[in-house]
Chemist: 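Next up is a structure, given as structure tokens.
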Amino acid sequence: MSELVRSIRERYLSVLDQISSAATKSGRSPEAVKLVVVTKSQPVDVVQAAIEAGAVILGENYAEEGVTKIQSLQNASAVEWHMIGHIQSRKAQLVAANFNWIHSVDSLKLAKRLDRFCAEAGKVVPVLLEFNVGGEESKGGWQTSDESRWAELLVEIAEILALPNLRVRGLMSMPPLGETAEFSRRYFQKSHRLRDFFARQFPQADFSELSMGTSSDYEVAVEEGATFVRVGTAIVGSRNYS
Ligand SMILES: *Cc1c(COP(=O)(O)O)cnc(C)c1O
């Protein structure tokens, strides 16, 4: 085992440990939480090392960068590739054809495009709908900071649920940047309430997944019901932007 694999493995196992403790502490089963190792802006050899270290779900933010890695690591067929970043309209086809999961469906228009390209690729892709629970202007996702207006979203969400080649599985959210992990808690709770709201409104649909929490706050996310946490720097180190 190389030094790189060894150090990633150590951090990967330690994050799994923390997930386990947080789950147990809040009366949840550790198996209910899946760890997405976020490898955006990391070179292929780091992604390869993460796979050797045990990562089974990899998260990427940029369509082209992700697809390049998927293609160069094709023989690592046991891993799942999850798209977690904003998807530009013109990248929808690339994403639909190459990724196993999409966490970042943030508009009806994008959902329709992805559905069309999934149909062309002959696949049905599990997706999460992304919501902006903090209300920041700069961020993608349906605006849901105002709880009294959630019902206004139902028509669009129903349209997405009817798309034949996307299978909605739940929600994704990213809280505003805070000083502490505790700061994120209210946003995780809000995401959880939003998920429960949709589950009540659409009892025939599947809203079981909740993707939330990053390196800085994933334990709190697990305590608040996350089923996917997306952890990058705490496992593969800081990103070297070139
Ligand atoms: C980068 C990113 C992450 C991981 O962030 P870390 O701080 O590196 O753990 C998670 N989710 C999204 C949407 C991201 O863009």
Side-chain angles (χ1 to χ4, degrees), residues 7-19 22 33-43 46-47 49-50 53-67 69 79-88 91 95 99-107 110 126-136 138-142 144 169-185 187-188 190-191 194 209-242:
S7 79
I8 292 177
R9 181 164 178 80
E10 202 168 290
R11 284 177 284 177
Y12 176 72
L13 293 177
S14 146
V15 169
L16 281 180
D17 244 24
Q18 301 297 320
I19 290 172
V33 187
K34 298 168 287 291
L35 173 56
V36 179
V37 178
V38 178
T39 47
K40 65 161 178 249
S41 307
Q42 297 284 358
V46 170
V47 186
V56 286
I57 306 176
L58 298 169
E60 287 285 336
N61 281 63
Y62 311 103
E64 264 137 14
E65 181 191 323
V67 170
K69 291 171 184 171
V79 301
E80 267 182 21
W81 296 89
H82 290 213
M83 181 63 184
I84 64 170
H86 174 68
I87 303 164
Q88 293 168 286
K91 301 291 165 63
V95 171
F99 282 84
N100 303 107
W101 271 75
I102 303 169
H103 290 225
S104 43
V105 174
D106 59 6
S107 72
L110 174 65
V127 303
L128 304 177
L129 308 178
E130 180 175 354
F131 293 92
N132 180 345
V133 290
E136 313 112 286
S138 60
K139 197 172 280 172
W142 281 273
T144 44
R169 300 291 303 277
L171 271 53
M172 186 265 222
S173 71
M174 184 97 171
L177 215 54
E179 300 281 303
T180 63
E182 250 342 287
F183 172 81
S184 300
R185 189 180 299 276
Y187 299 101
F188 294 148
K190 199 170 196 173
S191 303
L194 182 61
E209 306 288 351
L210 206 41
S211 171
M212 56 189 194
T214 65
S215 292
S216 56
D217 54 17
Y218 68 90
E219 289 124 309
V220 175
V222 169
E223 288 169 18
E224 298 302 338
T227 63
F228 282 112
V229 291
R230 310 179 307 267
V231 181
T233 49
I235 297 173
V236 289
S238 59
R239 295 177 274 276
N240 300 310
Y241 295 99
S242 49

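Both ligands and their constituent atoms are indexed starting at 1 by order of listing. Along the sequence shown, residues carry numbers from 1.
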Chemist: Has Lys91 got a side-chain atom pairing as donor or acceptor with His86's backbone, closer than 3.5 angstrom?
Modeler: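 No, Lys91 side chain to His86 backbone: no donor-acceptor pair under 3.5 Å.
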Chemist: Trp142 and Val105: which non-hydrogen atoms are nearest, and at how many Å?
Modeler: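 Heavy atoms of Trp142 and Val105 come nearest at CZ3-O, 3.2 Å.
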Chemist: When you measure from atom 4 (C) of ligand 1 to every protein heavy atom, which one gives the shortest distance, and what is it?
Modeler: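 The protein heavy atom lying closest is Arg230 O, 3.6 Å.
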Chemist: Under a 4.5 Å cut-off applied to non-hydrogen side-chain atoms, are Leu35 and Tyr12 in contact?
Modeler: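 Result yes, sub-4.5 Å side-chain heavy-atom pair found.
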Chemist: Looking at atom 2 (C) of ligand 1, what's its closest protein heavy atom, distance included?
Modeler: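 That would be Lys40 NZ, 2.5 Å.
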Chemist: At a non-hydrogen distance cut-off of under 4.0 Å, which region of His103 contacts ligand 1 (side chain, backbone, both, or neither)?
Modeler: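 Near ligand 1, His103 shows nothing, with every heavy atom at 4.0 Å or more.
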Chemist: Please tabulate, for the side chains in residues 219-226, all donor-acceptor contacts under 3.5 angstrom to protein atoms that are two or more places apart in sequence or on a different chain.
Modeler:
residue	atom	partner	partner atom	Å
Glu223	OE1	Arg185	NH1	3.0
Glu223	OE1	Arg185	NH2	2.9
Glu223	OE2	Lys25	NZ	3.1
Glu224	OE2	Arg185	NH1	2.7
Glu224	OE2	Gln189	NE2	3.4

Chemist: With distance as the sole criterion, is a donor-acceptor pair present between the side chains of Ser104 and Glu130 under 3.5 Å?
Modeler: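 The criterion, which ignores hydrogens and geometry beyond distance, is not satisfied for Glu130 and Ser104.
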Chemist: Using a 4.0 Å cutoff against the non-hydrogen atoms of Val231, which atoms of ligand 1 qualify?
Modeler: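 The atoms of ligand 1 under 4.0 Å from a heavy atom of Val231 are 9 (O).
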Chemist: Judging by distance only, is a nitrogen or oxygen of Val38 under 3.5 angstrom from one on ligand 1?
Modeler: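 By distance alone, the answer is no.
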Chemist: For atom 6 (P) of ligand 1, find the nearest protein heavy atom and state the residue, atom name and distance (0.1 Å precision).
Modeler: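 I find the closest protein heavy atom is Ser215 OG, 3.5 Å.
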Chemist: So, Trp81 versus Phe99, ring centres under 6.0 angstrom or not?
Modeler: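 Between Trp81 and Phe99, the centre distance exceeds or equals 6.0 Å.
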Chemist: Begin with the C-alpha distance, continue with both residues' side-chain angles, and end with the deciding distance and a verdict on side-chain contact (heavy atoms from CB on, under 4.5 Å) for Leu58 and Lys69.
Modeler: CA-CA 10 Å; Leu58 298 169; Lys69 291 171 184 171; over 6 Å; no
Chemist: Quick test: of every protein heavy atom, which one is nearest to atom 13 (C) of ligand 1, and how far off is it to 0.1 Å?
Modeler: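 So the nearest neighbour among protein heavy atoms is Ile84 O, 3.6 Å.
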Chemist: Going by distance only, is there an N or O of Asn61 that falls short of 3.5 Å from an N or O of ligand 1?
Modeler: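 Such a contact does occur with ligand 1.
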Chemist: Tell me, which protein residue and heavy-atom name are nearest atom 10 (C) of ligand 1, and how many Å apart are they?
Modeler: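 I find the closest protein heavy atom is Thr214 CG2, 3.4 Å.
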